[in-house]
Amino acid sequence: MDTGDTAWVLTSAALVLLMTPGLALFYGGMVRAKSVLNMMMMSFGALAVIGVLWVVYGYSIAFGNDVGGGLLGDPSEFFGLQGLMSDKALVFTIPALAFVGFQAVFAIITVALISGAIADRARFGPWLLFAGIWATVVYFPVAHWVFSFDGGTAPVGGWIANKLAAIDFAGGTAVHINAGAAGLALAIVLGKRVGWRRDPMRPHNLPLVMIGAGLLWFGWFGFNAGSALGANSVAAVAWINTLAATAAATLGWLLVEKRRDGHPTSLGAASGVVAGLVAITPACSAVSPMGALLVGFGAGILCALAVGLKYRFGIDDSLDVVGVHLVGGLFGTIVIGLLATSSAPAGVDGLLYGGGFDQLWRQTVGALAVLLYSFVLTLIIGTAISKTIGFRIQDEDEVAGIDFTEHSETAYDFVARAGGAGVLGGKPSATVRVDAEARGANA
Amino acid sequence: MDTGDTAWVLTSAALVLLMTPGLALFYGGMVRAKSVLNMMMMSFGALAVIGVLWVVYGYSIAFGNDVGGGLLGDPSEFFGLQGLMSDKALVFTIPALAFVGFQAVFAIITVALISGAIADRARFGPWLLFAGIWATVVYFPVAHWVFSFDGGTAPVGGWIANKLAAIDFAGGTAVHINAGAAGLALAIVLGKRVGWRRDPMRPHNLPLVMIGAGLLWFGWFGFNAGSALGANSVAAVAWINTLAATAAATLGWLLVEKRRDGHPTSLGAASGVVAGLVAITPACSAVSPMGALLVGFGAGILCALAVGLKYRFGIDDSLDVVGVHLVGGLFGTIVIGLLATSSAPAGVDGLLYGGGFDQLWRQTVGALAVLLYSFVLTLIIGTAISKTIGFRIQDEDEVAGIDFTEHSETAYDFVARAGGAGVLGGKPSATVRVDAEARGANA
Amino acid sequence: MDTGDTAWVLTSAALVLLMTPGLALFYGGMVRAKSVLNMMMMSFGALAVIGVLWVVYGYSIAFGNDVGGGLLGDPSEFFGLQGLMSDKALVFTIPALAFVGFQAVFAIITVALISGAIADRARFGPWLLFAGIWATVVYFPVAHWVFSFDGGTAPVGGWIANKLAAIDFAGGTAVHINAGAAGLALAIVLGKRVGWRRDPMRPHNLPLVMIGAGLLWFGWFGFNAGSALGANSVAAVAWINTLAATAAATLGWLLVEKRRDGHPTSLGAASGVVAGLVAITPACSAVSPMGALLVGFGAGILCALAVGLKYRFGIDDSLDVVGVHLVGGLFGTIVIGLLATSSAPAGVDGLLYGGGFDQLWRQTVGALAVLLYSFVLTLIIGTAISKTIGFRIQDEDEVAGIDFTEHSETAYDFVARAGGAGVLGGKPSATVRVDAEARGANA
Amino acid sequence: MKLVTAVIKPHKWEEVRAALESFGVTGMTVSEVSGYGRQKGHTEVYRGAEYDIALVPKIRIEILAEAGDVEDVAGIVVKAAQTGRIGDGKVWVSPVDSVVRVRTGDRDEAAI
Amino acid sequence: MKLVTAVIKPHKWEEVRAALESFGVTGMTVSEVSGYGRQKGHTEVYRGAEYDIALVPKIRIEILAEAGDVEDVAGIVVKAAQTGRIGDGKVWVSPVDSVVRVRTGDRDEAAI
Amino acid sequence: MKLVTAVIKPHKWEEVRAALESFGVTGMTVSEVSGYGRQKGHTEVYRGAEYDIALVPKIRIEILAEAGDVEDVAGIVVKAAQTGRIGDGKVWVSPVDSVVRVRTGDRDEAAI
Ligand SMILES: Nc1ncnc2c1ncn2[C@@H]1O[C@H](COP(=O)(O)OP(=O)(O)O)[C@@H](O)[C@H]1O
Ligand SMILES: Nc1ncnc2c1ncn2[C@@H]1O[C@H](COP(=O)(O)OP(=O)(O)O)[C@@H](O)[C@H]1O
Ligand SMILES: Nc1ncnc2c1ncn2[C@@H]1O[C@H](COP(=O)(O)OP(=O)(O)O)[C@@H](O)[C@H]1O
């Protein structure tokens, strides 16, 4: 065991954990004030459900020994994380549970990402159910495909990592394409929000979006550089490429806005950061810093253009999970086939570095496999939930605001400021009536 | 010295430092808009006062060589942290000052936690005074009892750690029971807020609560896993148990809400996270990941039920320091006696693992000792301050809002948006009158 | 290579990265609601521009081999960070790119700091241009002077680090005096805001300021303790001194407020934290923890007094970049000449420790050199931009709000709460009109 | 001159505005208010404590109109704002002595 | 028909509402406003710069009532809102030509 | 008694207040409202989608005044609030039957 590597992975795991609350804020600021709490609850809920499942069987499905064709790990092998507390249980140079923790937060954030596609309209219970099923039948297997290397946590790992040998350093396919395709499917299943394209659904709190973007950015250095699973030069390359790509992507996005809309916006800057992060995620070990500038700049431009497509297709992918994560993830995964350089840690040359088409088709196959699998499975799960217990809230509840109807809360009450007792203000004149006895008794 | 261990402890110390601003936000969002600044100032003030005292004599009281019965360290030994800058001064495998820093932020957050019990009504000066006295006569000694192991920073340490051998990995007793009992005492001393149970005192900014919860969660991985004082498998176990417990606790809290109140809430999710964190704090080295799920789930349910008790007892523990920290801390500390497993790093078996009642009574004694000591001492200190310089603001100032009367500020001014010059809005029509000359002169 | 050192520097780099979003929030909360987005965009924009330039040639100018007199590194040596991906490329005990990343975020935050001086009135395009030019001709060279040690990244480094041997552990000169002097110059070039000293320009969101302060504080532990470039006792000393100084500085600032203005404020607490962080930045390896308390306390008092000076001089340094960063940076840099103790890692005795005037004049010369260079160059760059493409927005746009006129956004829309479709509220009655086709086509 | 004041449900604002515009009303002043009446508020729950929220959000519209138009204007608002469910609001007309347009100093009919 | 408008201190709202309800007033429209008058604002300080805050927060209540009830209604509000200290506010009555209930189209007395 | 109501541009508030104060008006009630009229709103863009913002922020001032002062008061507001550009707002006068000062119960002229 190497303490330096362990320190870095434990730190990275904490950084990635922070991304989920960060995402909650990023998403939460983008919706209307009447649905910010629900938006954040979808992320916190994902954390709760996937956190439990990962411990119970998720890790084992993803990283247990392969039980057939590189498609699935053995769910019983590490059931309940048994046997991993020993200081003998290592993954490479770090304690096994450090790796388990690091991978846990990947699973969580992937599920949380999907929620952006269905803002303002999903019942909370069915969302939790969806989260649990989706993680079980989509994320855990796909993580096995992509992240389980032969001889890592088990002798035989997943097909994309080992047989196809597509490069996905930190999850362009398993996380972003996966979540993006699922978001697309779920937006289709749930349908458009009441008043979409008619009512103004502009972000209610852009500083909140910026807080979220800042925390995502910060956490993503754990996501990417932590994926080296050690404190070494690979991690350093991933770190610097992450910075380069996000800087360039922000410029790219703002440039598109300036040309197309007349003004560069703060939402654009935040979105550009995320687009850059998404695209460099699979590629950060495979390109040079100058290559990372290109990857980022390209992703910034591409995603800025892509977010308009939903209007053309009439799909209310509310917070652009497709435009940012699916498009950015595809771009970042496939561009490795072009811009990979053997001087980078991954040691592979892409088309433009004389490596021919070999890596390019591997990347493309890997990307499309995950896209299709996730899209189809999500359609099925989502439809099943819709048709049985129902997935969407009532239209009138949507108009009234999902925060109140699903969670019996409202996000803000700024009025109590100077007056007496929070008397007024959108949500005013509350007469508190606390029946603790009664309630205590029946609880 | 081990650089990996040092890296992890330095990182953890920074993570725990962040918890205090995180707590400020968590608490700040829960009060009314007219007292959010004061709420945050109690945390920032604790940071300032305890930060100074810790350097001057706090560390020495907690970690100096015992001066009698395991109750107190020698205040002169490390007065002003003398002699600890040398690269020869180590605590286990890390520089002594890294350990000093890590423990400093524990002291700070513990004091800050108490402030939740006395929201909206404490004079700021007396609060700072209380913070200083309380840390000196309660926290520093109790930290000695619990965290000072024989042969660690000094030959002889505290009684709970060494003689009683209760397990408290990261501070269930020293931090949470301690702060919870103090909060209870202080809420009694200060009395209820004007209009309590009559006026609506609902959270004014739930997204702020969620930001705070997110940062607390993140920082708590340093709190728990950092308590291993090294980057090793113990830290990894603590890390994964922290994740498992919080996920399960969130589910537990939301379940209670769903059954009892009809809806799972975002405040409930945030509270569940914190309840889980509190309960797993002492236990994270002693239980298995499956055990951690139980600890968390139990804490989530228990604390969700406990927060209603204050209405029954008529004690205005405003932000549920008792319901969450005292109850959660007790549960987490005592449950070790049941769920500890010798396969976990602490190496002890609890009742349910065939270890008998031995550990259970040790845990119980440790927990009650800290509870009683903290409660009684806090009653005395609080009453003394109340009777002498006074602890509470005037009722009319409470109605007008403590932010303005204690800090001459108001938290928000959203109006200047589109108009001219911040003309209006709750706090409007300000004619700035800056007498810098005059003020400069007399300063 | 040492994995522990690498883990700590990678972590620290991420922490410092977070400081720029943190600063965006800290600054953003302090302006009026109609310019918060622009304020944040100046930080995000700095991140984008400097992130790209650093990769392309900035690092090389700062850390390439000296090309004359200790003034400038060779821009071609590490152009595009060539040759640094290899696991053989080390800086001391860490991968070269870890060092590159750590220094990158220093460059970024320094530029972002300047923006506080010109709140509410700078055109966004010219700001980005200024950022790029200023970094190129001011920051990159000054970083070379101060941070490039002979035999570190190159045989010959900068004049302040090597010839003058002034102590600046983490950037009191290169970052704070540099940014502070630039802020002063730019505030003069751009002139006062419309209505300055007449209209109330009070902070629109103090909780946002506190979030920012919290994140800055957290990140600053990476800034200071990370500057040890390893996980060792030097880092631990820097860590603890950073805590000590900020605690004392907060008390100092609040004391001044209490005496002068009658009340300690939350903005004062946040400002005190930052003042302490600024002052201890250069000194944290040179003073003892008790010395750090003095440095912090002095900085808190001094900066609290200094922020009033702008009214006396009639310079609209809007967010007190001078009062906090220039004054705090000067104090912290020069006080080393008094309070340095050879028992601290820097191993130098200041005047009060019997070291005579030697270090004092070195500190003073270093500080003044950076101050003058930055002030003059910034005046020139700023004036050039002003006279050519123009730097300031129209007065009427300033009154209408720069967020809308420069970015076509508004920060908040709290109204959609309970009603139908975000109908009203400062920014109301939006009829969304999404011409995606048209726009898609011409894009 | 008359002043027509309408208190309506927030989500009806867009329809009311559009209806008034087709009729030729080009100016009005709008504010957010809270209503108290037959339509009951609702209950929120925070950490197990229930809060009755008695007031419901409403939009208040003020329209200065010539006396002759007043019946029409009020009628249009009523029609556009109606959902038939409790809480639809009120429209009332009150007398105005005089009106001035600030920009020009034009008075009464010429001012609106 | 008459309109009673009251501008009161915010923390008196609950008492006023309760008093009106016992009298039988079941509807009203409420808004947040700022008052300027004898009651002076206050001073806030940010980084040593003082800001005079001239306006004080008030609650504005509008009650449509039958002409015969108006004196009673105004009296009830005055009584419930009174603290005896400067800044208690004003209550005024103004004429209303007609009232319509949006939901039903009921007019005047039937509308309130 | 009369009520003067003015809807003006927000950044004119300070001037209007000062002008009224010199005339001797010491009390008024102020609120934030949104205006709809000749002055057009603007367009915002979020992720490439345009939003037309139709309403513009305004300040609404209510001044209770003796009938004899009303013309002067209205005139003062008009003068102080005028910029000459579209959107300057309206000032209107309406009748008031009675006014009470809550603190004292003083009525009408004595109440303001
Ligand atoms: N007497 C009144 N005076 C002023 N406003 C009233 C009065 N009665 C009702 N309102 C307003 O009209 C709104 C709708 O009234 P409500 O009684 O709930 O339903 P409805 O008008 O459909 O019977 C209320 O929310 C309130 O704003
Ligand atoms: N002439 C007026 N016109 C309209 N509102 C007024 C007038 N004078 C006072 N007010 C309102 O009444 C409130 C209380 O008035 P103030 O003069 O402060 O105290 P008091 O009424 O007790 O003498 C003010 O804040 C303002 O909202
Ligand atoms: N008929 C009306 N009734 C009530 N308020 C009106 C009316 N017409 C205009 N207003 C108010 O006056 C403001 C200015 O009117 P507008 O038509 O934009 O400019 P102007 O008065 O300069 O011609 C509007 O924003 C609105 O608040």
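Here is the naming used below: chain letters follow the sequence lines, and residue numbers restart at 1 for every chain.
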Legend entry - Which of Gly75(D), Gly84(D), Ala6(D) touches chain E most, by non-hydrogen pairs under 4.5 Å: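 Sorted descending by pairs with chain E, the first entry is Gly84(D).
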Legend entry - Lys/Arg-Asp/Glu bridge criterion (N-O < 4.0 Å) met for Arg101(E), Asp88(D): no
Legend entry - Test: Arg107(E) and Glu71(D) ion pair at under 4.0 Å: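 Salt bridge: yes.
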Interatomic distance, [X] atom [atom1] to [Y] atom [atom2] [nearest 0.5 angstrom]:
| X | Y | atom1 | atom2 | result |
| --- | --- | --- | --- | --- |
| Met1(E) | Trp92(D) | CE | CH2 | 10.5 Å |
| Ser94(D) | Leu64(E) | OG | CG | 9.5 Å |
| Thr83(D) | Arg103(E) | OG1 | CZ | 9.0 Å |
| Glu32(E) | Ser31(D) | CD | OG | 11.0 Å |

Is [X] close to chain E through its backbone or its side chain, or both, or neither, when contacts mean heavy atoms under 4.5 Å?
| X | value |
| --- | --- |
| Lys2(D) | side chain |
| Leu3(D) | neither |
| Ala74(D) | neither |

Legend entry - Where Pro95(D) and Pro95(E) come nearest, the two heavy atoms and their spacing: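 It is CD-O, 3.4 Å.
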Inset, instruction - Output yes when a side-chain donor or acceptor of Lys90(D) lies under 3.5 Å from a complementary backbone atom of Ala111(E), and no otherwise. - result: yes
Legend entry - Side-chain touch Thr29(E)/Lys58(D), heavy atoms, less than 4.5 angstrom: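 They are not in contact (no side-chain heavy atoms under 4.5 Å apart), so the answer is no.
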Legend entry - Any side-chain heavy-atom pair of Val99(E) and Val91(D) under 4.5 Å: no
Inset, instruction - Assess whether side-chain contact (heavy atoms from CB on, under 4.5 Å) is satisfied between Leu55(D) and Trp13(E), documenting all intermediate values. - result: CA-CA 12 Å; Leu55(D) 300 186; Trp13(E) 150 251; 3.7 Å; yes
Inset, instruction - Might you confirm whether atom NZ of Lys40(E) has over 12 heavy atoms from other residues, nucleotides or ligands at distances under 6.0 Å? - result: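 Yes, NZ of Lys40(E) has more than 12 neighbouring heavy atoms, counting only those of other groups under 6.0 Å.
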Inset, instruction - Give, as side chain, backbone, both or neither, the part of Thr104(E) having an atom under 4.5 angstrom from any heavy atom of chain D. - result: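 Thr104(E) touches chain D through backbone heavy atoms alone.
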